[in-house]
Amino acid sequence: MVQNNGYDQIQFTLNAPCPYMMNLLAFPVYMPVHKASVEAATDWQTNPGAWTSEAGFVSNGAYTLKEWKHNESMVYVKNPNFYDAANVSVDELHFMLSADDTAILAAYKAGNLDYADTVPNGEIPTLKSWPDFHVIDNLGTYYVGFNVKSEMFKGKTPDQANKMRRALALLVNRQYIIDTIGQTQQEAATSFIPTGMSDSHGGKFKANDDAYTYKDQASCGYYSVDVNKEEAINLLKEAGFEFDENGKLSSKTPLHINYLTNEGTGHEGVAQAIQQDFAQIGITMDISVEDWQTFLNDRKSGNFDVAREGWLADYDDPINMLEMFTSDSGNNDMQLGK
């Protein structure tokens, strides 16, 4: 640690080049915390965030949390001890906490909110004409996760389970989801790494990686986004499923899926679209909608068959998208290696 202009500064010496180091340091996990406050919580070792569960905890940012009505609202006030407090021009911030995007939009229209980051999907066509409606690019991928230990794969070999997952992916009409549910110029994902993510050479990962010519230069990815019902059926047959003369699953080998998602018109709309896609060949699917915290807990504990997943990059490097699939990752919702 060194001192500069009266402020303590930390100096890092890297063992190897890390092109995304500066981005990483801007990530909240690197922000300092008050050790005594953290360890004051009785279960701090197993629940490291317990010390921030109520308003009034010690922080070091431009604001402190004055009031927190869980699942309803938060009030932040200017922190007089912030190093640059003289240049913080807003004294108080009020946040509305809600998973109900219809209620959020109503509050915005009524003038009770200055900013909203979610709207009901059915309102998007109208809102696009508003001068204050903006679509902001984001590095991330929306996807479906399969619990590899789910009962739906019971009795199947790893190869058969793989073919089941591949078949289901071939049935999903991604462009329909973009056009009718997303409606804000999303791109169909041809790989897990999103378009625009940087590489380690000062360029863009997809633009510089020859592997993206594997199938089709125009698709810029490893996987086709086209619906292929015939190939899906063939894969399911190889996985042990039988079909009738109409291309529907036989009653002898049914396939039923429980799909888990959290609240929100967009997430529920995607689930319904996938449900319709699967129904084309006789797959039945139930949709379970949970509040955010319950949803997170069920995914991490593996209490699901198929779940909606998504990852927005914490920092601009492909490793941030890929490291979650290691067996020891805290985001290994798919229970890989467990």
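Owing to the predicted nature of the structure, the values given are computational and were not obtained by experimental measurement.
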Rounding to 0.5 Å, atoms CE (Met321) and CD1 (Ile319) come to a distance of 11.5 Å
Any side-chain hydrogen bond (donor to acceptor under 3.5 Å, both in side chains) pairs touching residues 14-29, not counting sequence neighbours? none
Count the heavy atoms of every other residue, nucleotide or ligand shown that sit under 6.0 Å from CG of Asn47, and state whether that count exceeds 12. yes
Is there side-chain contact between Tyr63 and Val77, with at least one heavy-atom pair below 4.5 Å? no
Using residues 144-156 as the side-chain source, report each donor-acceptor pair under 3.5 Å to any protein atom, sequence neighbours left out, with the distance given to one decimal.
residue : atom : partner : partner atom : Å
Asn147  : OD1  : Lys149  : N            : 2.9
Asn147  : ND2  : Gly302  : O            : 2.8
Asn147  : ND2  : Phe304  : O            : 2.9
Ser150  : OG   : Met152  : N            : 3.1
Ser150  : OG   : Asp305  : OD1          : 2.5
Lys156  : NZ   : Ala239  : O            : 2.7

Output for pair (Phe241 CZ, Met164 CE), nearest 0.5 Å, gives 4.0 Å
Indicate whether the side chain of Glu230 and that of Asn234 have a donor and an acceptor atom separated by less than 3.5 Å. no
Residues that Arg174 engages under salt bridge (Lys or Arg N to Asp or Glu O under 4.0 Å), provided they are two or more places apart: none
Run the salt bridge (Lys or Arg N to Asp or Glu O under 4.0 Å) test against Glu238 and tell me which residues pass, sequence neighbours left out. Lys163
Are Thr326 and Asp328 linked by a side-chain donor-acceptor pair shorter than 3.5 Å? yes
Can a donor-acceptor pair be found between the side chains of Asn332 and Lys300 at a distance below 3.5 Å? no
Rounded distance (nearest 0.5 Å) linking atom CD1 of Ile233 with atom NZ of Lys248: 10.0 Å
Between atom CG of Asp244 and atom OG of Ser251, what is the distance when rounded to the nearest 0.5 Å? 9.0 Å
Qualifying salt bridge (charged side-chain N to carboxylate O under 4.0 Å, His left out) pairs with a residue from residues 31-53, counting only residues at least two apart or across chains: Lys35-Glu39
CD-CG distance between Gln175 and Asp226, expressed to the nearest 0.5 angstrom: 10.0 Å
The reported gap from CZ in Arg308 to NE2 in His267 (rounded to nearest 0.5 angstrom) is 3.5 Å
Treating Asn331 as the side-chain partner and Met324 as the backbone partner, does any N or O pair qualify as donor plus acceptor under 3.5 Å? no
Which residues pass the ring-ring contact (aromatic ring centres under 6.0 Å, His included) test with Tyr143, not counting sequence neighbours? Phe192
Does a donor on one side chain and an acceptor on the other come within less than 3.5 Å for Asp286 and His256? yes
